[in-house]
2 protein chains.
Amino acid sequence: MTLQSVAMQDGLGTLGCSLAPPDLSSVFSLQPVIEAAPGQALFWQGDDAKYVFQVEGGMLRALRLLADGRRVIVGFLHPGDLLGVSLKDRYLYTVEAITEVRLRRYPRRRFEDEVALQPHLRQQLFSKLCDEMTAAQDQAVLLSRRSADEKVANFLLLMANDRDAEPSAFVDLPMTRLDIADYLNMTIETVSRTITKFASKGIIVAPDRRSIIILKRHMLQSIADGDGCDFRSAPMSNGGRRAGFA
Amino acid sequence: MTLQSVAMQDGLGTLGCSLAPPDLSSVFSLQPVIEAAPGQALFWQGDDAKYVFQVEGGMLRALRLLADGRRVIVGFLHPGDLLGVSLKDRYLYTVEAITEVRLRRYPRRRFEDEVALQPHLRQQLFSKLCDEMTAAQDQAVLLSRRSADEKVANFLLLMANDRDAEPSAFVDLPMTRLDIADYLNMTIETVSRTITKFASKGIIVAPDRRSIIILKRHMLQSIADGDGCDFRSAPMSNGGRRAGFA
DNA sequence: CGTTATGTTGACATTAATCAAGCACGGTGG
DNA sequence: CCACCGTGCTTGATTAATGTCAACATAACG
């Protein structure tokens, strides 16, 4: 089906009518549904970027493989996220399902045309791109936390706040420890030890491997922010050092 | 490179058109020139994002300050890069001059209007946003390098290749060791030691503090890629571990 | 059930951070 | 021109943290 037909079915824009402006989700709503089982790859780094996807349900991981075979998780995908939007002709990373997932698929070419035609969508897409960029930068900031405690605390809070209007105390962790480790640039052992440590201090409870409950959010936040808390004696880190410029 | 915003190299693209449609640089060419001395800030994280800038000459650093006062360098800005392009109303980080710099300034509102009106500019901006996102991810990948050697080697190669069509053996390092350290998430001591080590192995020469010359690019590349090289006995790192999924 | 993936815990080794001192360069002023 | 700082950089000794290796526990799966 052509773009135009899609557009008209959505009742939008090209006609200038004042009906509900289309959002990105509505563009995808008529597209084929893709389902994938845990571990299944949607596409691989380097593949021809033929499609754009929108996540409807479940969680996925985006990862890059380094020359020496190491794995870097560049992000976790949640419902609403777009995958494969780029001007490159090849996917920049591999995307694999963590849980059972459901997505909508849209041919990339047509998606681009569609977006080009509709200012509304363009605006939304731009906004999403900015969000993604911020997320990418946030990961860089996260990775530059000093201690394992800080990284894990940040990660848990990130997962707790993600997408939920109300940051919940119950946090779903469908990804494996290896995923977390490769996201935080640590080893699975250190991840495990750190979570155990938080639990033993009563900051969290870990009823099973794929979830945790945050009991003392403020403490977790302190650790995440690198505050001395009861861990270190507030060594000021490198607080004194600044570039000498005024 | 990596900014909230967009760091983009200019000038490219638009090819294919005989009639030279306006490109981003030409949009800036009539705007007021801003000059800044080393150490001077263009704007601070949290400031009202009133302007978009394009770098014409010199180098700057974009940095974020963490709650505990730590400094994270999220990117170095080169000629052609844009700063401040974003949907947010406030700058997401501070930008300071490293060398003497010259920029063009454009009111953000007008810039957005301009871009909205001209499909050509829109396309360019979108393209740069994507590049920018890639850059942000690249930093995350860089930060998740295991050893100090790998990080510094990658950094030197990055600086060597940056923007230059021909990767030069002479690399300019106008930033301080502290800047490098805060970019790579290391201490100045380790940065210094690593550079010294490379020099003592004959991989590079460091005639003065603000520049180095790469003598054995292939070796530097091997180290950057985490190859055993003559450093470690190719321990396969965690090459064996992969998610168990096919 | 037995078998395989995944996660936890422990002992040890290694790396990079920390603390501390000294060096080198660039400016300033005598 | 040279002594004199101040800043940034280098180098060394020590320590603390995390990676590594290994064993075991637990859940997942046929």
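Chain letters run A, B, ... following the sequence lines, proteins first, then strands; residues in each count from 1. Just so it is clear, the model here is predicted, and its values are computed rather than measured.
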Whether B/Thr187 contacts C/dA17 is assessed here as follows: a side-chain N or O lying under 4.0 Å from the phosphate OP1 or OP2. Is that the case? yes
Does B/Thr190 have a side-chain nitrogen or oxygen under 4.0 Å from the phosphate oxygens OP1 or OP2 of C/dA16? no
Ring centroid separation B/Phe53 to B/Tyr106 under 6.0 Å: no
To the nearest 0.5 Å, atom CZ of A/Phe28 lies from atom CZ of A/Arg105 at 11.5 Å
Quick one: list whatever passes salt bridge (Lys or Arg N to Asp or Glu O under 4.0 Å) with B/Asp208, sequence neighbours left out. none
Would you please name every residue forming a salt bridge (Lys or Arg N to Asp or Glu O under 4.0 Å) with A/Arg102, sequence neighbours left out? A/Glu56
Find the distance [X]:[atom1] to [N]:[atom2] and express it as a whole number of Å.
X: B/Leu178; N: D/dT10; atom1: CG; atom2: P; result: 13 Å
X: B/Arg210; N: D/dT10; atom1: CZ; atom2: P; result: 11 Å
X: B/Arg146; N: C/dA16; atom1: CZ; atom2: P; result: 12 Å
X: B/Ile212; N: D/dC9; atom1: CD1; atom2: C1'; result: 16 Å
X: A/Glu189; N: C/dG7; atom1: CD; atom2: C1'; result: 10 Å
X: A/Asp179; N: C/dT6; atom1: CG; atom2: P; result: 9 Å
X: A/Lys197; N: C/dT8; atom1: NZ; atom2: P; result: 15 Å
X: B/Lys151; N: C/dA16; atom1: NZ; atom2: C1'; result: 10 Å

If you pin A/Arg193 and B/Arg209 to their nearest nucleotides in DNA chain C, which one's is more 5'? A/Arg193
Whether B/Asp179 and B/Arg71 form a salt bridge (side-chain N of Lys/Arg under 4.0 Å from carboxylate O of Asp/Glu) is what I want to check. yes
If we ignore hydrogens and angles and just use 3.5 Å, is the side chain of A/Arg210 paired with the main-chain N or O of A/Pro174 as donor and acceptor? yes
Is it the case that the side chain of A/Asn154 and the backbone of A/Ala224 share a donor-acceptor pair, with hydrogens and angles ignored and the cut-off at 3.5 Å? yes
With the side chain of [X] defined as its heavy atoms from C-beta on, choose the nearest nucleotide among [options].
X: B/Ser147; options: D/dT11, C/dA17, C/dA16; value: C/dA16
X: B/Met186; options: C/dA17, C/dG7, D/dT10; value: C/dA17
X: A/Arg177; options: D/dG19, C/dG7, D/dT10; value: C/dG7

Roughly how bent is the helix from C/dC1-D/dG30 to C/dG30-D/dC1 end to end, in steps of 10 degrees, with each end axis from five pairs? 40°
